[in-house]
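Data first, discussion second: the structure below is written as structure tokens.
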Protein chains: 2
Amino acid sequence: MLISELAELTGVSARALRHYEDCGLLTPARSGSGYRVYTESDVTRVAQIRTMISAGLGTSAIRRYLDCVRTGDHGTFLEMCPDLRAELDSLARRLDARQAELREKRSRLDRLTSAG
Amino acid sequence: MLISELAELTGVSARALRHYEDCGLLTPARSGSGYRVYTESDVTRVAQIRTMISAGLGTSAIRRYLDCVRTGDHGTFLEMCPDLRAELDSLARRLDARQAELREKRSRLDRLTSAG
DNA sequence: GTAAGGGTTCACGCCGGCGTGAAGGTCAAG
DNA sequence: CTTGACCTTCACGCCGGCGTGAACCCTTAC
Ligand SMILES: [Zn+2]
Ligand SMILES: [Zn+2]
Ligand SMILES: [Zn+2]
Ligand SMILES: [Zn+2]
């Protein structure tokens, strides 16, 4: 399928799909005229990518994640690369930190609005 | 006082103080040689600015806030400009939205890490 | 004189997923 | 042939408080 069809199937913009290729998350084949040609398995793959992006992962982490999954050199998903596991943990900590920071902001804003 | 002294008194970098002037939050006098000359009241003012920035306010909102306070055309702080009050409310809503979004990210990340 | 330690303005970089053109090729349909 | 809907690559913009130079002036101390 071509890019617009994959875009419609996944609900992801064509620009985003091209961006995912730039980041190494997708490697579609090319037709004779240079058009990107996707497989049906790319639909699943894009869904996975969207899930991870919505979890806060950056494209580089996603790429390593997908590579780790594809090569399967670490068995199950639970046995991830140590550095990948460490990155996920550090991301969790950063999310917690940002959450606490947001709570602080929110309370400070309340104090500003009420006490002026 | 000169900029480095105000920076040391407030714990804010000289670059940030110049930035605040660019945004209209500070209007220091100038010496004959062009140096910024600050008043002691600027120490309090910078503290107010830092409080509002740590509450998530942008410089433009802070400027309108300070203008509203300085002109005093709306009485007490509790009687703020309607649009300023609206902006603070919308900021609160955005903070809540980002907080919910972060919670979602966090739970999705947990699901990723555990269920793979 | 000169070196050091202030000060000044100007301006790019960051962080990153993606929007949004611009300029141009491909391919169907009328 | 021409229109139009696709596709391509290249590249800047966003969001914003501030770091971080570069290039240059003022003042004091030696
Ligand atoms: Zn691996
Ligand atoms: Zn007012
Ligand atoms: Zn970037
Ligand atoms: Zn900006």
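Below, chains carry the letters A, B, ... as their sequence lines are ordered, and counting in each starts from 1.
Distances shown here put every side-chain N or O of Tyr20(B) at or beyond 4.0 Å from the OP1 or OP2 atom of dG17(D). Between dG17(C) and Thr59(A), a contact under 4.0 Å exists linking OP1 or OP2 to a side-chain N or O.
Take the nearest nucleotide of DNA chain D for Arg15(B) and for Arg94(B): the residue whose nucleotide is more 5' is Arg94(B).
Between Tyr65(B) and Leu112(A) the shortest side-chain heavy-atom distance falls below 4.5 Å. Taking the side chain as every heavy atom from C-beta outward, Leu6(B) and Val12(B) never approach each other to under 4.5 Å.
Look at CD on Glu8(B): it is 10 Å from P on dG6(C), rounded to the nearest Å. To the nearest angstrom, P of dT9(C) lies 8 Å from CG of Asp22(B). Between the CD1 atom of Ile53(A) and the C1' atom of dG16(C) there is a distance of 10 Å, rounded to whole Å. Taking atom CG of Leu26(B) as the reference point, atom C1' of dC18(D) lies 15 Å away to the nearest angstrom. Atom CG of Leu17(B) is separated from atom C1' of dT9(C) by 16 Å (rounded to the nearest Å). dC15(C) atom P lies 14 Å from atom CZ of Arg98(A), rounded to whole Å. Taking atom CG of Leu57(A) as the reference point, atom P of dG16(C) lies 13 Å away to the nearest angstrom. With rounding to whole Å, Leu91(A) atom CG is found 12 Å from dG16(C) atom P.
Each end of the helix from dG1(C)-dC30(D) to dG30(C)-dC1(D) gets its own axis from five base pairs, and the two axes differ in direction by 40°, given to 10 degrees.
Salt bridge Asp67(B)/Arg64(B): absent, no basic N to carboxylate O contact under 4.0 Å. With salt bridges taken as basic N to acidic carboxylate O contacts below 4.0 Å, one links Arg106(B) and Asp110(B). At a threshold of 4.0 Å, the pair Glu21(A)-Arg30(A) counts as salt-bridged, since one of the basic side-chain nitrogens sits closer than that to a carboxylate oxygen.
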### Query
Once each nucleotide of nucleotides 3-9 of chain D is scored for protein heavy atoms under 4.0 Å, what B/S/- sequence comes out, 5' to 3'?
---BSBB
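With no hydrogens or angles considered, a side-chain donor-acceptor pair links Ser33(A) and Ser31(A) at under 3.5 Å. Of the N and O atoms on the side chains of Arg50(A) and Tyr20(A), at least one donor lies less than 3.5 Å from an acceptor on the other residue. Side-chain contact check for Arg111(B) and Ser107(B): at least one donor-acceptor pair (N or O, by modelled atom type) lies under 3.5 Å.
Residue Leu91(A) comes nearest to Ala55(A) through the heavy atom pair CD2-O, 4.1 Å, listed as atom of the first residue, atom of the second, then distance.
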